[in-house]
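To start, the structure itself, in structure tokens.
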Amino acid sequence: MNVKRATRYPKATEHIEDIIKFIEKLIEKEVAYASKNGVYFKVSKFPEYGKLSKKKIDELQSGSRIEIDETKKNPLDFAVWKFSDIEPAWDSPWGKGRPGWHIECSVMSIKYLGENFDIHGGGRDLIFPHHENEIAQSESCTGSSFAKIWMHVGMVTINGEKMSKSIGNVKSIKHVLENWGSNVIRLFCLSGHYSKPIDYSEELLKENLVKWRQAETCYYELIHADAKSCEKIDEIVNKIGKKFDNALEDDFNSHLALSAFFQLIKEGNRLAAEEKIGKKDAESIRAEMERMMMVLGLAIPEITENEKHEIDELIRNRERLRKEKKFDDADKIREKINQMNIELIDHKGKTIWMKKERIRADG
RNA sequence: GGUACUCUGGCAGAACGGUUAUGCGUGAGCCUGCAAAGCUUAUACAAGGGGGUUCGACUCCCUCGGGUACCUCCA
């Protein structure tokens, strides 16, 4: 998917000791207590509880419908350590068991990012209780504020419903990736704001494939550009680039950024169609285009020198045949080239080619 | 039931209180040996309903309604 690796991939199971230390600290501060079933965090000791999800403590209590665990002092209290003999389980000063669901996130993020860090991400559905509880236990433990900014992403839905295993409407990434490729998926995901839900549909994927083809076309048009006349392109490129940056800086307005990206592509294709683009201009557009693609995680498929030579050779043959009006033979060559996933673009005086990403669903 | 988010033209999706978003789609044209791709151009009553505030509201307030998500130990 062209996703960059993170610096670290910590695992909860490798941090049991840290977790235990963290809990000890909580108990020391008397914000957590051990009971029959586990160690619990005392929500009443954290007055700001509910600040993230904008819930009120008293409303929560009245809304609780699930059976109450009598061993807790307050129904809202949540586990930081849960007793269990079933493996996997670890020994702790309070008894054998395993960490509560929220604790390892607090422990590991504080360990690697510090007591206060900038951005905490996660799905919208985790705001409550998970993130709320993370805040409570972390801030209680460190005494300082946890994440500065919370970025919550919207769910992927299908037919307006959340994709979930229980409904059985899941499309695996592998499946979609094999059918559509990473670029199309990325365009699709970026077409909406990250915080809003996005509805999966083949039609939308298809729409984004069309757009991706435009980008590919533009890219190769620029590579092959060699017209003489020039327009003042730098100014336009800069303007679009700025629009792109501004959009992203404004809370990742990716759709707006994409519209700038496609504006650039349109510009490139337009000039190419009018054969008004010189090498130098093409370079400056291409540089900006590549910059944007890097930011967006898009990538034009690579092409080898060998492939290039082969294609050039085939095109030369085809040109000859076309001049001789042997169109049937020329079309055969075109067909052959197409099978290599190369598409020919006939211009007035010349034929150029572009490599297309292979998209299985594009049948 | 509670809370949050959301409701924009056929579809997707932006925007400062006052200007055409943009893209896809669709129609027409250009280019081409034919295609494909690309380009040009045209196309939308747009604002969930109803009230208000305002000289003016998609943008602010109220209200009603629809949708989605979450509502305590599975990570």
Side-chain angles (χ1 to χ4, degrees), chain A residues 12 37-41 43 50 52-56 58-69 72 74-84 97-105 123-133 152 154-155 157 160-162 164 187-188 190-193 195-199 201 203-204 206-211 213-214 216-218 220-221 243 247 250 253-263 265-266 268-275 321-328 330-331 334-335 338 343-348 351-354 356:
Chain A
N37 291 332
V39 182
Y40 290 92
F41 181 88
V43 169
L52 180 70
S53 56
K54 294 176 195 153
K55 287 176 185 295
K56 300 207 173 67
D58 26 336
E59 280 166 0
L60 279 170
Q61 280 169 324
S62 60
S64 79
R65 275 171 193 203
I66 296 180
E67 58 181 295
I68 293 165
D69 180 346
K72 292 201 275 189
N74 181 322
L76 281 175
D77 294 349
F78 56 90
V80 291
W81 189 267
K82 185 101 177 160
F83 298 146
S84 168
R98 47 177 172 255
W101 163 35
H102 323 290
I103 195 83
E104 81 271 11
C105 290
R124 271 209 114 68
D125 52 343
L126 296 180
I127 294 175
F128 189 88
H130 187 214
H131 295 324
E132 195 68 59
N133 291 350
H152 288 110
M155 305 283 99
T157 60
E161 271 181 319
K162 178 180 165 182
S164 83
L187 287 176
F188 165 70
L190 292 167
S191 72
H193 192 85
S195 68
K196 287 190 183 170
I198 186 165
D199 202 51
S201 82
E203 277 88 88
L204 289 178
K206 208 168 190 171
E207 182 178 323
N208 284 294
L209 174 59
V210 170
K211 293 181 182 176
R213 293 299 187 216
Q214 291 174 353
E216 287 178 323
T217 305
C218 177
Y220 281 100
E221 287 284 4
K243 188 177 160 197
D250 183 12
N253 193 334
S254 52
H255 186 88
L256 209 54
L258 278 184
S259 82
F261 177 63
F262 284 111
Q263 198 182 332
I265 283 168
K266 191 113 197 168
N269 280 334
R270 202 200 90 226
L271 291 172
E274 293 171 4
E275 307 205 4
L321 291 166
R322 285 176 75 199
K323 280 216 179 88
E324 296 165 12
K325 308 243 188 238
K326 292 180 180 165
F327 295 122
D328 283 350
D331 286 350
R334 180 164 69 192
E335 185 53 32
N338 283 159
E343 179 157 327
L344 295 183
I345 304 169
D346 289 342
H347 282 273
K348 256 202 178 101
T351 296
I352 67 162
W353 52 267
M354 58 179 271
K356 290 163 75 181

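Each chain gets a letter, A, B and so on, in the order its sequence line appears, and its residues count up from 1. As the structure is a computational prediction, the values presented were derived from the model and not from experiment.
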Need one value for A/T157: base, sugar-phosphate or nothing, where a base atom within 4.0 Å counts as base even if backbone is also close, heavy atoms only. nothing

For A/K323 and B/rG33, is the shortest distance between a side-chain N/O and OP1 or OP2 below 4.0 Å? no

Would you please confirm or rule out a distance under 4.0 Å between OP1 or OP2 of B/rC24 and any side-chain N or O of A/Q214? yes

Would you please classify the geometry between the A/H152 ring and the A/H131 ring as parallel, tilted or perpendicular, with 30° and 60° separating the classes? tilted

Pair A/E203 + A/K206: basic N to acidic O under 4.0 Å: no

Per atom distances to the A/L204 side chain, the nearest of B/rC71, B/rC11, B/rA4 is B/rC11

Whether the side chain of A/E221 and the base of B/rG38 hold a donor-acceptor pair under 3.5 Å is what I'd like checked. no

Could you tell me whether the side chain of A/N253 has a donor or acceptor atom within less than 3.5 Å of a complementary atom in the base of B/rG13? no

Under 4.0 Å from OP1 or OP2 of B/rA36: is there any side-chain N or O of A/N338 that close? no

Please evaluate the base of B/rA35 for a donor-acceptor partner in the side chain of A/R334 within a cut-off of under 3.5 Å? yes

Do any side-chain nitrogens or oxygens of A/K211 fall under 4.0 Å of OP1 or OP2 in B/rG25? no

So what's the dot-bracket for RNA chain B: Watson-Crick or G-U pairs under 3.5 Å, [ ] if a pair crosses, | if it pairs off-strand? (((((((..(((.....[...)))((((((.......))))))....(((((..]....))))))))))))....

Taking A/N208 as the fixed residue, which of A/L258, A/L187, A/L190 is the one that meets the side chain to side chain contact (heavy atoms under 4.5 Å, CB included) rule? A/L187

